[in-house]
> 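Provided herewith is a single structure, encoded as structure tokens, for subsequent inquiry.
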Amino acid sequence: MARGARGRLRGSPPRTVLPVLALLAATTTGCGGSGDGADGGGADGRGPEKTRITVGTMPVADTAPLQLAMDKGFFKAEGLTVRTTTLSGGAESVNRLRAGALDISFGNYVSYFLAHANKAVDVRFVSDAFASAPRTHAVLVPKDSPARTLKDLDGKKIGVNTKRNISALLVQKAGKAEGVTFDDGDFAEVDMPAMETALTSGSVDAVQAVEPFVSAIEESGAGRVVADLGRPPTAGFPIAGYATTAAFAKKHPQTVAAFQRAMARAQKQAARRATVVRTLPDYTRITPEQADRLSLGGYPVALDPARLRRVVQLMREFGYLERNVDVEPLLVRPGP
């Protein structure tokens, strides 16, 4: 299992965050269908070219539909067996796709667009995954902090999972709306499970966390929300999707199409909150009680170029991209 051991701001987590840390002990493999070998099944034009695929994932609410597709046999119905590998973040997703260690991977759109623009990987998007909603992404400060708004964090250090990815970008956009400018120097990299420790130790002045860590930090009394990034100006923002390489998509079009059909079914079912709440304990260590209290975002059924252009536009606004990225050619349209 891949872990987020990057030697960044860490510490022994307090007892209150242990249930959330157990997320990283999530299952790393799952069977999603049939298939006797890594390849085969597509020669007659009626099945996937590759019947066993490896998919990168993370043990967060965003990936609930992937687990649903495995649990409910949606991949099996498409002739696929899916093995999942747990990742620490978008950078690892890009590196593993480039190395051929993953066939398809979950990851945040900012990391994928950056990698494509920098020619690190010729990315192709095959499925949407998650869009923000109130409280799915938030900036938190220690409970006794004098800060009440993002503007109060001007000149302070904010912990983010990775610099120059979706976390930092959302903070920058929300900060601009309040009249404060944040740049790379204002952020420090902190793994999500270590954010409560970073707050209580004073290593950072604030953190940008996602669910279930937002709820865990609040419930422990270690911190409070000063900015809900799931509200305007970043409401409904496209957060993450599933991608592959152009080479894989070209060589295995029917495999990709099978994955897309299974995921579309699962994303549609994830529109029912109760379905996601029931699924979370299956692939994380979140208890049913904790899952029931989480804030959940949206699970788009189809890739929408207009929505993804919003990501590119925001990346250009804050200097992540020097040139525009044409979104349309990067989308793999679902087959019949």
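In what follows, every heavy atom counts, from backbone to side chain, and hydrogens, waters and symmetry copies are set aside.
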> Rounded to the nearest 0.5 Å, how far apart are OG1 of Thr162 and CE of Met192?
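Those atoms lie 8.0 Å apart.
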
> Donor-acceptor pairs under 3.5 angstrom involving side-chain atoms of residues 223-235: please list them, not counting sequence neighbours.
residue: Arg224; atom: NE; partner: Lys143; partner atom: O; Å: 3.2
residue: Arg224; atom: NH1; partner: Ala147; partner atom: O; Å: 3.1
residue: Arg224; atom: NH2; partner: Ser145; partner atom: O; Å: 2.4
residue: Arg224; atom: NH2; partner: Ala147; partner atom: O; Å: 2.9
residue: Asp228; atom: OD1; partner: Arg135; partner atom: N; Å: 2.8
residue: Asp228; atom: OD1; partner: Gly230; partner atom: N; Å: 2.9
residue: Asp228; atom: OD2; partner: Arg135; partner atom: N; Å: 3.1
residue: Asp228; atom: OD2; partner: Arg231; partner atom: NE; Å: 3.1
residue: Thr234; atom: OG1; partner: Leu229; partner atom: O; Å: 2.6
residue: Thr234; atom: OG1; partner: Arg231; partner atom: O; Å: 3.4

> Which pair of non-hydrogen atoms, one from Ala270 and one from Val276, has the smallest distance, and what is that distance?
O-CG2, 3.4 Å

> Not counting sequence neighbours, list each pair that qualifies as a ring pair (Phe, Tyr, Trp, His ring centres under 6.0 Å) and has a residue in residues 297-333.
Phe130-Tyr299

> How long is the span from the CD atom in Glu178 to the CG atom in Leu153, to the nearest 0.5 Å?
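Glu178 atom CD to Leu153 atom CG measures 9.0 Å (nearest 0.5 Å).
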
> Once salt bridge (Lys or Arg N to Asp or Glu O under 4.0 Å) is applied, what residue pairs with a partner in residues 98-120 remain, sequence neighbours excluded?
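Non-adjacent pairs meeting salt bridge (Lys or Arg N to Asp or Glu O under 4.0 Å): Lys50-Asp103.
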
> Minimum heavy-atom separation for Leu321 to Ala117, with atom names?
CD2-CB, 3.6 Å

> Under the side-chain hydrogen bond (donor to acceptor under 3.5 Å, both in side chains) test, which residues partner Asp205, sequence neighbours left out?
none

> Please confirm whether the backbone N or O of Glu49 pairs with a side-chain atom of Gln254, one donor and one acceptor, at under 3.5 Å?
no

> Can you give me the closest heavy-atom contact between Ala249 and Val256, atom names plus distance?
CA-CG2, 4.1 Å

> If we ignore hydrogens and angles and just use 3.5 Å, is the side chain of Asp191 paired with the main-chain N or O of Ala194 as donor and acceptor?
no

> Quick one: side-chain hydrogen bond (donor to acceptor under 3.5 Å, both in side chains) partners of Gln67, sequence neighbours excluded?
Asp71

> How would you list, by chain and number, every residue that makes a salt bridge (charged side-chain N to carboxylate O under 4.0 Å, His left out) with Asp186, sequence neighbours excluded?
none

> With salt bridge (Lys or Arg N to Asp or Glu O under 4.0 Å) as the rule and sequence neighbours excluded, what pairs involving residues 165-177 come up?
Lys173-Glu317, Lys176-Glu317

> Please check: side-chain N/O of Asp152 versus main-chain N/O of Thr149, any donor-acceptor pairing under 3.5 Å?
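Yes, the answer is positive, given that a donor and an acceptor are paired below the 3.5 Å cut-off.
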
> Donor-acceptor pairs under 3.5 Å, side chain of residues 301-309 to any protein atom, not counting sequence neighbours: which ones?
residue: Asp304; atom: OD1; partner: Ala306; partner atom: N; Å: 3.0
residue: Arg307; atom: NH1; partner: Asp128; partner atom: OD2; Å: 2.6

> Give me the atom names and distance for the closest heavy-atom approach of Arg273 to Leu294.
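The pair with the smallest heavy-atom distance is NH2-O, 2.8 Å.
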
> Testing the basics here: between Leu150 and Val180, what is the closest heavy-atom pair and its distance to 0.1 Å?
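Nearest heavy atoms, Leu150 then Val180: O-CG1, 4.0 Å.
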
> Is Glu92 reaching over with its side chain to a backbone N or O of Leu87, donor-acceptor style, under 3.5 angstrom?
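Judged by distance alone, no pair lies under 3.5 Å.
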
> Assess whether a salt bridge exists between Arg124 and Asp122, defined as any Lys/Arg side-chain N lying under 4.0 Å from an Asp/Glu carboxylate O.
yes

> Name all residues meeting the salt bridge (charged side-chain N to carboxylate O under 4.0 Å, His left out) criterion together with Arg316; count only those two or more places apart in sequence or in a different chain, and write none if there are none.
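Result, salt bridge (charged side-chain N to carboxylate O under 4.0 Å, His left out) vs Arg316: none returned.
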
> Does one side chain, of Thr275 or Gln269, offer a donor that lies under 3.5 Å from an acceptor on the other?
no

> Which residue pairs satisfy the salt bridge (Lys or Arg N to Asp or Glu O under 4.0 Å) criterion with at least one member in residues 206-216, sequence neighbours excluded?
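As it turns out, there is no salt bridge (Lys or Arg N to Asp or Glu O under 4.0 Å) pair with a partner in residues 206-216 once direct neighbours are skipped.
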
> Looking at Met58, His137, Met195, which one forms a side chain to side chain contact (heavy atoms under 4.5 Å, CB included) with Val210?
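So the option named by the test is His137.
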
> Measure from the side-chain N and O atoms of Thr63 to the backbone N and O of Leu66, and report whether any donor-acceptor pair falls under 3.5 Å.
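A pair under 3.5 Å: no.
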
> Residues in side-chain hydrogen bond (donor to acceptor under 3.5 Å, both in side chains) with Glu328, at least two apart?
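By the side-chain hydrogen bond (donor to acceptor under 3.5 Å, both in side chains) rule, Glu328 matches Arg333.
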
> We want to know whether Asp282 and Thr279 form a side-chain donor-acceptor pair, criterion being a heavy-atom distance below 3.5 angstrom.
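Thr279 and Asp282 do not have a side-chain donor-acceptor pair below 3.5 Å.
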
> What residue pairs, at least two apart or across chains, pass ring pair (Phe, Tyr, Trp, His ring centres under 6.0 Å) with a residue in residues 83-120?
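Sorted result for residues 83-120: Phe106-Tyr242, Tyr109-Phe125, Tyr112-Phe125, Phe113-Phe125.
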
> Look at Glu78 together with Arg261 and state whether they make a salt bridge at an N to O cut-off of under 4.0 Å.
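Yes, this pair counts.
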
